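What follows is one structure encoded as structure tokens, with my remarks underneath.
All values derive from a computational prediction rather than experimental measurement.
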Amino acid sequence: MAPQLRPLKEKLTAANPWAVGNWLATSKGARLLADLAAQKTEITHDVLDGLEQDGSTRYLRELLVTTGVLPRRDENFAQLRLWLDAVLDGLPARRVRILRPFAEWCILRDARRRSERGTYTPGAASVDRMEIRAAMDFTAWLETEDLDLGSLTQGELDLWLTSHPTRRIGAFIRWSVARRLTRKLTAVPKHSGLPTQFLSREEQHEQLRRCLNDKELPLEVRIVGALTRLYGLSTARILLLTTDRFHSEDDGAYLTVDQNPVLLPPKLAWLIEEQVTRPIGHVSILEQPDGDHPKYLLPGRPPSRPRSADGIHSLMRRHGLPGLSARNTAMIEAVADLPPIVASDLFGIHPGTAHRWARFAQDSWADYLAARAATEQ
């Protein structure tokens with residue numbers, strides 16, 4: 001046994017025997033670990049980065065991190081870098097000369113800063129990938145149309161925008177103009193972020209009642225649904241909550257969403273307490289993370305990672321509990337009742353975002369109610 005892997009051995013021998021036996025017998029990750037151990041060289045993140053980045057590699061990496069064999073790193077940022085190298089590999093050098101500086105100095109530099117602050121989420125990484133893909137598609141379109149970035153006109157850019165209305169090309173255009181790679185063009189305006197999907201007050205309250213009272217719903221569905229409808233929390237924010245943010249005092253139970261604890265309704269407090277104290281719903285090699293690793297309120301596989309956002313979104317849709325429209329409705333109700341700075345502190349949103357919501361509520365609430373009334377007649 002290589003000294004490096006002894007912490008893993010100790011954890012495996014103390015874990016659920018059936019889970020360990022099943023993993024060793026059937027998992028591609030276990031075979032991968034055996035191959036790496038047979039090479040008699042140190043296993044590092046760089047070694048794993050050189051392998052196919054599939055589910056087995058990700059699980060093995062997390063297993064080695066959780067057991068202390070490898071140091072923890074920001075996997076969202078690390079995987080973005082690996083993905084960038086992979087997608088640029090094989091592109092013509094003339095396009096890479098433009099795309100790599102844009103990705104490195106515009107997208108990755110900002111991502112690195114957020115990673116160092118501990119605020120770089122899977123959702124942020126997904127947006128960054130979309131902006132890089134848009135730049136790749138745009139430069140490919142320039143070649144197809146026999147156009148040059150340096151002489152690009154506003155009309156030609158508008159043609160792209162007309163045929164690709166959903167692509168996030170604004171960051172690339174602003175970067176190109178700032179670096180004088182193209183003439184001054186009207187930068188694509190950022191999406192206003194104003195909501196367009198809502199629930200009626202009756203729909204919102206009925207769904208909240210379901211989440212709090214319907215025992216037929218899975219526990220995680222009830223918790224996510226209630227937190228979204230009460231506090232306007234996104235699924236991504238909910239999945240990052242750890243159990244140490246929940247605590248009880250003489251006057252009730254509290255959940256710290258951002259910096260300040262929020263007093264929970266008794267039924268929601270009971271649901272969260274059940275989730276905190278119950279065993280994980282699936283058999284895992286490592287039932288709970290230990291040491292300095294967080295214990296997530298909604299643990300994934302392995303439990304040292306949170307549940308998948310895509311999986312939770314799919315689960316909520318199956319039970320008729322949409323996320324975006326419910327969150328928008330909760331946010332507009334919150335800023336209608338609370339000053340923006342209070343909503344920002346309680347729900348952990350940026351003050352500027354809270355003020356934009358407040359302005360939107362003030363300007364549009366009457367129109368929204370009128371529109372709802374018209375559609376319900």
Please list every donor-acceptor pair under 3.5 Å in which a side-chain atom of residues 120-129 meets a protein atom from a residue at least two apart or in another chain.
unit_1: Y120; atom_1: OH; unit_2: D128; atom_2: OD2; d: 2.7
unit_1: T121; atom_1: OG1; unit_2: A124; atom_2: N; d: 3.2
unit_1: D128; atom_1: OD2; unit_2: R114; atom_2: NH2; d: 3.2

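No donor-acceptor pair closer than 3.5 Å links the side chain of H313 to the backbone N or O of T235. In this structure a side-chain-to-backbone donor-acceptor pair under 3.5 Å is missing from E131 to I107. Listed for the Q207 side chain is no donor-acceptor partner under 3.5 Å among the backbone atoms of G225. Judged by distance alone, with hydrogens and angles left aside, the side-chain atoms of E203 form a donor-acceptor pair with the main-chain N or O of S200 at under 3.5 Å. Within the 3.5 Å criterion, the main-chain N or O of W160 finds a donor-acceptor partner in the side chain of S163. The backbone N or O of E10 lies less than 3.5 Å from a partner atom in the side chain of T13, making a donor-acceptor pair. Of the possible polar contacts, none joining the S314 side chain to the D310 backbone as a donor-acceptor pair under 3.5 Å is found.
Scanning all heavy atoms of the two residues, the minimum distance from L271 to R222 falls at CD2-CZ, 3.5 Å.
To the nearest 0.5 Å, atom OG of residue S176 and atom CZ of residue R183 are 13.5 Å apart. With rounding to the nearest 0.5 Å, the separation of CE in M136 from OG1 in T139 is 7.0 Å. Of the inter-residue distances, the one linking L241 atom CG with I223 atom CD1 reads 10.0 Å to the nearest 0.5 angstrom. Taking CZ of R73 as the start and CG of L70 as the end, the distance is 9.0 Å to the nearest 0.5 Å. For the atom pair CZ (R81) and CG (D85), the distance works out to 6.5 Å, reported to the nearest 0.5 Å. We find the SG-CG distance between C211 and L219 to be 11.0 Å, quoted to the nearest 0.5 Å.
In the hydrophobic clustering of this structure, L181 groups with I169; members are Ile, Leu, Val, Met, Phe, Trp, Tyr whose side-chain heavy atoms approach within less than 4.5 Å, directly or through other members. Cluster annotation: L240 and M316 are assigned to distinct hydrophobic clusters (Ile/Leu/Val/Met/Phe/Trp/Tyr, side-chain heavy-atom contacts under 4.5 Å, transitive). Under a hydrophobic clustering in which Ile, Leu, Val, Met, Phe, Trp and Tyr are joined whenever their side-chain heavy atoms come within less than 4.5 Å, directly or via other members, V257 and L338 fall into the same cluster. Side-chain heavy atoms closer than 4.5 Å link hydrophobic residues (I, L, V, M, F, W, Y) into clusters, and following such links, even through other members, never connects L199 to L324. Tracing side-chain contacts under 4.5 Å through hydrophobic residues (I, L, V, M, F, W, Y), one reaches V262 starting from L239; they form part of the same cluster.
Contact check on E104 versus R109 returns no salt bridge, with no Lys/Arg side-chain nitrogen under 4.0 Å from an Asp/Glu carboxylate oxygen. Salt-bridge formation is not detected for the pair R112/D74: no Lys NZ or Arg NE/NH1/NH2 atom is positioned less than 4.0 Å from an Asp or Glu carboxylate oxygen. With salt bridges taken as basic N to acidic carboxylate O contacts below 4.0 Å, one links D137 and R167. A salt bridge does not link E116 to R113: none of the charged nitrogens lies less than 4.0 Å from a carboxylate oxygen. A salt bridge links K28 and D54; the closest N-O separation between the charged side-chain nitrogens and carboxylate oxygens is under 4.0 Å. In this structure, E75 does not pair ionically with R58, as no charged nitrogen and carboxylate oxygen lie closer than 4.0 Å.
In this structure, L263 belongs to a hydrophobic cluster whose other members, linked by side-chain heavy atoms under 4.5 Å apart, are Y254.
Of the N and O atoms on the side chains of Q39 and D35, not one donor lies less than 3.5 Å from an acceptor on the other residue. In summary, the side chains of E220 and Q275 do not present any donor paired with an acceptor at a separation below 3.5 Å, with no hydrogens or angles considered. For the residue pair T44 / D46, no side-chain donor-acceptor distance below 3.5 Å is found, with atom types taken as modelled.
I43 is listed as a side-chain neighbour of L64, based on a closest heavy-atom distance under 4.5 Å. Looking at heavy atoms from C-beta onward, W23 lies out of side-chain contact with W18 at the 4.5 angstrom threshold.
Taking a 6.0 Å sphere around CD of E216, one finds it holds 12 or fewer heavy atoms contributed by other residues, nucleotides or ligands.
L36 pairs with exactly one of T41, L60, L5 by the side-chain contact (heavy atoms from CB on, under 4.5 Å) rule, that one being L60.
Applying the ring-ring contact (aromatic ring centres under 6.0 Å, His included) rule to pairs touching residues 90-119 yields F102-F172, F102-W175, sequence neighbours excluded.
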